[in-house]
There are 2 protein chains.
Amino acid sequence: EKLLVTGVTLKSDESRISLTDIPDRPGVAAEVFSRLAESGINIDMIVQSTGQNKLNTISFTVLRKDVESSEKSLNTVLKIWGSGSMSVAKDIAIVSAVGVGMKSHGGIAARMFNAFAKEGINIEMIATSEIKISCVIDKEHGQKALQLLHDVFGLEKTAG
Amino acid sequence: EKLLVTGVTLKSDESRISLTDIPDRPGVAAEVFSRLAESGINIDMIVQSTGQNKLNTISFTVLRKDVESSEKSLNTVLKIWGSGSMSVAKDIAIVSAVGVGMKSHGGIAARMFNAFAKEGINIEMIATSEIKISCVIDKEHGQKALQLLHDVFGLEKTAG
Ligand SMILES: C[C@@H](O)[C@H](N)C(=O)O
Ligand SMILES: C[C@@H](O)[C@H](N)C(=O)O
């Protein structure tokens with residue numbers, strides 16, 4: 001598996017916004033990101049897991065400098081739906097393991113998550129693609145997490 | 001924005017498993033994916049949004065043929081934690097828009113989500129990376145969703 005992960009990265013300049021218990025019906029995600037796009041806000045990660053009881057949570061990350069304007073562009077949307085709440089984590093770290101063929105190796109995810117577990121680092125969000133596994137954690141663990149992945153996968157550290 | 005999206009893809013051979021209301025503390029994600037890795041199951045998407053009340057939901061997708069063995073490898077984990085439930089959607093479609101520079105264009109996400117909203121297609125999961133936005137929807141909407149994205153982004157359809 002060492003051959004599969006070619007780099008680990010850390011981003012510490014982003015914030016996370018979550019819209020929790022929003023209606024899980026067509027048009028809701030469109031409304032959220034149309035408003036953000038109209039405000040010209042650059043979005044990095046968008047993560048939504050499966051909902052339950054017809055409610056869901058959408059989380060997304062933006063540059064720290066855009067968090068206030070993101071909140072502002074969304075502040076009326078919850079009133080329209082009559083449900084849900086907004087939470088913000090201003091200081092997050094996004095740690096990622098990058099490599100080819102990741103998809104077929106759940107083992108890489110397990111090693112990454114195990115490394116964080118042993119150090120008591122809670123994983124707040126997860127998103128994967130074929131070439132990348134990204135975890136959102138508390139900003140204060142960012143450097144430590146990068147070092148852990150560097151060791152677990154036997155790599156040179158790379159910049160975010 | 002047309003220049004940014006270079007392809008749209010559809011995967012219809014996967015299933016989604018969600019572990020809902022599981023403890024949101026270090027070690028939980030590691031336990032889930034260690035078990036799956038030990039069973040030799042290939043994982044595609046892993047998606048976890050922000051939790052609340054110290055509980056969270058982790059969803060992941062596997063090939064349809066691996067869904068029963070995934071359920072089997074996880075069936076005792078919920079008992080250990082004493083909380084949570086497992087839900088399975090055997091027939092899902094994963095529709096993705098692929099291109100460079102996606103990250104800085106929340107507008108692409110908004111157009112994709114708007115296209116689904118207009119056709120009444122509910123978005124069950126979302127995951128993004130710098131070059132890709134993926135949505136899990138009901139399998140029956142897969143072909144239609146691919147066509148919608150093909151039209152919205154003015155592209156030739158590509159295979160999954
Ligand atoms: C929650 C949100 O994604 C909703 N399911 C939608 O389709 O817009
Ligand atoms: C929910 C799960 O990801 C948990 N937060 C963990 O760190 O393992």
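We use all heavy atoms of the structure for the numbers below, so side chains are in, but hydrogens, waters and symmetry mates are not. On a predicted model such as this, the values are computed, not experimentally measured, just so you know. Proteins come first, then strands; the chains are lettered A, B, ... in the order of their sequence lines, and each starts at number 1.
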Part of residues 82-91 of chain A lying next to chain B, heavy-atom separation under 4.5 Å: none

Residue selection (most heavy-atom pairs with chain A, distance under 4.5 Å) from Leu36(B), Val136(B), Val32(B), Asp24(B): Asp24(B)

From Thr128(A) atom OG1 to Ile43(B) atom CD1, the distance as rounded to the nearest 0.5 Å: 9.5 Å

For Ala117(A) against Ala30(B), the heavy-atom pair lying closest together: CB-CB, 4.2 Å

Closest heavy-atom pair and its distance - Gln52(B), Thr20(A): NE2-CG2, 3.1 Å

CD1 on Ile126(B) to CD1 on Ile58(A), rounded to 0.5 Å: 5.0 Å

Heavy-atom pairs under 4.5 Å with chain B, option from Ser49(A), Ala29(A), Gly27(A) with the top count: Ser49(A)

Inter-residue atom distance Gln48(B).CD - Ile123(A).CD1, 0.5 Å rounding: 6.5 Å

Value rounded to 0.5 Å, distance of CD1 in Ile133(B) from OG in Ser129(A): 12.5 Å

4.5 Å side-chain heavy-atom contact, Asp44(B) and Glu130(A): yes

Among Ile46(A), Val47(A), Asn114(A), residue most engaged with chain B (heavy-atom pairs, under 4.5 Å): Ile46(A)

Inter-residue atom distance Met125(A).CE - Thr50(B).OG1, 0.5 Å rounding: 5.5 Å

